[in-house]
Structure formats: structure tokens, C-alpha cells
2 protein chains.
Amino acid sequence: MSSRPSAHVVYNALKDRILGFALYPGTRVTETELAADFGVSRTPIREALQRLAAEGFVTIRPKQGCFVRELDIEEIDQLYQVRIALESLALEQALERMARPELEALARDWHPARADAAPTSVDAMAQRDESFHIALARGSGNRVLTGLLEDINTRIHIIRRLDFTDRERIAVTYAEHHRIAALLLAGDLATARELMGAHIRYSQDFARTLTLRRLADLRRAAPTSPADD
Amino acid sequence: MSSRPSAHVVYNALKDRILGFALYPGTRVTETELAADFGVSRTPIREALQRLAAEGFVTIRPKQGCFVRELDIEEIDQLYQVRIALESLALEQALERMARPELEALARDWHPARADAAPTSVDAMAQRDESFHIALARGSGNRVLTGLLEDINTRIHIIRRLDFTDRERIAVTYAEHHRIAALLLAGDLATARELMGAHIRYSQDFARTLTLRRLADLRRAAPTSPADD
DNA sequence: GTGCTCGTCATTGCATGCAACGTGGGATAC
DNA sequence: GTATCCCACGTTGCATGCAATGACGAGCAC
């Protein structure tokens, strides 16, 4: 049934909780409590926390505890800025190294006419969106770049998926993705980059306002330490 | 004397060994063996290995063992490509957000006239070089960006330090660093970027040939598994 | 009443023991 | 002689026990 590596299960579960705001940023979690929660010993919990700390999701203060990383708007913004730079590089290298048939498939896949057949579920659509960007990254042949972009994607996933609650935004996504692929096929790197930049920046703006509101909601709903007011 | 966190000590020691090619890429290391080596139990060893795995220095194959990551030339090249893109972004954001006095200090620090007073030790000079690039990253105010660049730096550190075995290369470094800072002060982002790109690309070329030679040397000197010939 | 100190408790960090899995070698069948 | 199967060993993965450290609160001095 459950695959053996408990540590992995715990790791993924915790990451999901953190990214899904089920664990409110700033929360202190103890190994014992998590161990009891997951029904395993402290050892796999520790390993999971170590990995999460290495990836920056939690902060371990020695002999003190483990705290869920505060994910401020500033950081999300910075993640998007870096993402723009990296995806721009991906485009550049994809233009040189990506196989033409693959690119054509991508263009077909995102033909605006197919927007009607887009996934109805927000999560499915978000995944489809990510797959486009990851395909380009992979197409660059640069594994380091791909890894970094995947990492950034998981960190903004929870925000980004909210892009696709709006039907019109989905249509625009199809149009822009298609156009980016087409521009690459035509060899017009400069315009492709520009469009990609704008494409991501839109998402960035959306994320900014949305995060503000979401954080405010959460803060109102679950006041962790309202003592000092 | 020895600070308590054994896991940290082990982590750093292992990272140094890996980066310094004391642990040859592809080598299989067992927890028991490392535990005996460091004189600690397997627990802190495991933690260190987990972190190293999360950062991509080793690969853990479940129930099988821990292998030192193969660091091919291709990956180093890709790290440099990403680094160029990120440092370019750093310049852009540093231009907007970095305090002028800081930039001026940087320019003064790297004035070509001071090249004579450069550190004689290769390592000291490498550190000084890194501090320049990190200062710019920090100056961007983008912590995500800074973190990524620091990460990339540690991964190419062992190669990069060999840049400074040559006295003339040091002089060129001073000149270019100074010019980059000056260009930022003058607000000429485009030229600064170009120069930074060329500056790093030189290092990249150097690394490429050097890695090839170094790996060949090591392979000749320490044949790990010559059994199958 | 306020500040300091000390003791208790909770929690982490490390060591060790045990079970499960993968691997390699030897024996056997053909 | 070769291929296959099985067993034993090595290694990892997890559970548990113990020591040490930092935090919190009570009590005391002023």
C-alpha cells in the first residue's frame, strides 16, 4: 500500500501543507508533535524537516524549534523576477537546441482554438500551464536551468494556480503560449522573450494582489498571536 | 572547542571533500564508513547526506547507497550560463536599488591601481572576487537572487578559484570589476551587462579547459574501478 | 512592584538496536 | 560449461533511549 519511504511521505505532506497554507507561516512545529501526527517516529520527521530547511521552506533554529518560513509578498515578487530572467535564458537556448517537431507540437497543443477544450479544473489547468514552461526549459537542454525553474515553480505553485480561476485568462494563456512557440519557430527570439516577460509579469501582478488579500484573510481567520494589540 | 552540531561539521567536511575532488565523483560512500571516519554515529552522517542530496552534491539511491554526484563539464558550463543570466538581473536591480556610496566603495575597492595590493594567495583572491559579485547581488535587494547566486558560487568555487593563478588575470579582473561598478554609477546598464557577460564568459572558458584537464589527471591518478577493461 | 536568579520542563541532537531490502556469490540443474 | 535459483551478508530505514541545551516561570532580593 503505502510505499516504504516514510520520510518521503512526510516530506511531501509537509510541503503540501506549507504551500497550501495549512501550516500558517511562522508556526512552530515540534518533531514530537509531527511524529504523533503522522504515526511514525521522530527520525523520518527529522529527515523531512532537514530537507525542507535545505530548500528554504522552514527554518530550523538550533535547540529551539522548527518554524514555517514566512512567505512574504516580497519573496514571491523576487521569485517571479528571477523566473522571468531564467525563462528568458531558456527561450534563448531552446531556440538553438530544441527539436523542431517538439516545438511544433507545443504550438499545436496551445492553439487558441483548443482553449475551449482546456481542463475545467483549476489544478489540471495549472499543471498544463507548468508543463508548457517546463517543456521549454527542458528544450533548452540545460539541466541546471530546468532544475532551478522546477524549484521556483513549486514555490509559487500555490499562488500561480489561482491564475486559472478565470475563463478568459485561460484563453489568453493559450494565445500567448501559442504565440511564443510560433515566434521561436520563426526564430524571433527578441519578440518571444518580450512576450514571455509580459506573460509572466501579468501572473506576477495577479499574484501580488492575490497574496495580499489571501494573507489578510488568513490573518483574520486564524489569529496566531493577537496578544499584542 | 568543537561546536556541538556534529551534523554541520560533517556536512561541511563532506562538501569540501566533494568540491575538492577528495571524494572522486561516482564514489559510493556508506554511512557506516563515514561514521567510523568522523567518529560519530550514523545519525548526523545521515542528516549531512540528506542535505547534500537536497543540494545536489550526492545522489541517494534508496536502500542502495549514496553516490558522489558526477560533475561533468556540461553541468559546469550550464552553471555558468545560468550565472550570467542571474548576474545580469542583479546588475539591473542593483542599478535601481543599490545605495550610491556602496557602489562607490566597490569601485574604489577594485581600482586598477590597487591590483598590486591584491591578495597573493589564490584562495584569498578567489574570495575577494566572489565578494564583489555577491555585493552586487545583495545590492539588488533581491534575496532570492542572492541565494541562488551564492548557491551557484559554491558549486563552481573549486573551478573558479583557479582563475587566479595568473597575475595578469588578476589585473584584468580588477580593471573589469572597476569598470562594471563605474558603468553602474554612470547608469549605463547595457554596457555593464555586456561587460559582465564577457567577464564571466572568460571564466567559463577557462573552467571548461581546466576541468577537462583536471578530470583527466584525476582519472589517470586514481582509477576507481579499472576492473572492467 | 520590579528585576534577577535558579530550577524545572520541553525539545532537540546524537547513539544504538532492530528489521527490511537489495546484492553478490555459490551451488545445482541442464 | 552455462544459466538459474537461493541463501547469506551488507547496507539502509526506522524506532527508541539518553544527554544536553535553551526557554519559561516561580520565588526571592531590593
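The analysis underlying the following values was restricted to heavy atoms, covering all of them including side chains, and did not include hydrogens, waters or symmetry mates.
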- When V68(A) is tested against each of T59(A), L52(A), T27(A) for side-chain contact (heavy atoms from CB on, under 4.5 Å), which residue passes? T27(A)
- Under-4.0 Å side-chain N/O to phosphate OP1/OP2 contact, Q64(B) with dT23(C): yes
- Task: Specify the separation, in whole Å, of atom NE2 of H8(A) and atom C1' of dC21(C).
- Result: 17 Å
- Message: A side-chain contact here means heavy atoms from C-beta on lying under 4.5 Å apart; do F164(A) and D123(A) qualify?
- Response: no
- Please say whether the positively charged group of R69(B), taken as NZ for Lys or CZ for Arg, lies over the ring of F57(B), i.e. under 6.0 angstrom from the six-membered ring centre and within 45 degrees of the axis. no
- Query: To the nearest Å, how far apart are R61(B) CZ and dG13(D) P?
  - Reply: 13 Å
- Residues that I76(A) engages under side chain to side chain contact (heavy atoms under 4.5 Å, CB included), provided they are two or more places apart: L71(A), Y80(A), I159(A), A207(A), T211(A)
- Does a side chain donor of either H157(B) or E130(B) reach within less than 3.5 Å of an acceptor in the other side chain? yes
- Under a 4.0 Å heavy-atom cut-off, which of residues 43-50 of chain B touch DNA chain C? T43(B), P44(B)
- Close approaches to DNA chain D from residues 28-42 of chain A, in residue order (heavy atom, under 4.0 Å): V40(A), S41(A), R42(A)
- Could you list the residues that satisfy ring pair (Phe, Tyr, Trp, His ring centres under 6.0 Å) with F132(B), not counting sequence neighbours? W110(B), H177(B)
- Kindly write out the residues that satisfy side chain to side chain donor-acceptor pair (under 3.5 Å) with T146(A), not counting sequence neighbours, or none if the list is empty. none
- Item | Results of side chain to side chain contact (heavy atoms under 4.5 Å, CB included) for Q78(A) - residues two or more places apart only | E74(A), Q81(A), N142(B), R143(B), V144(B)
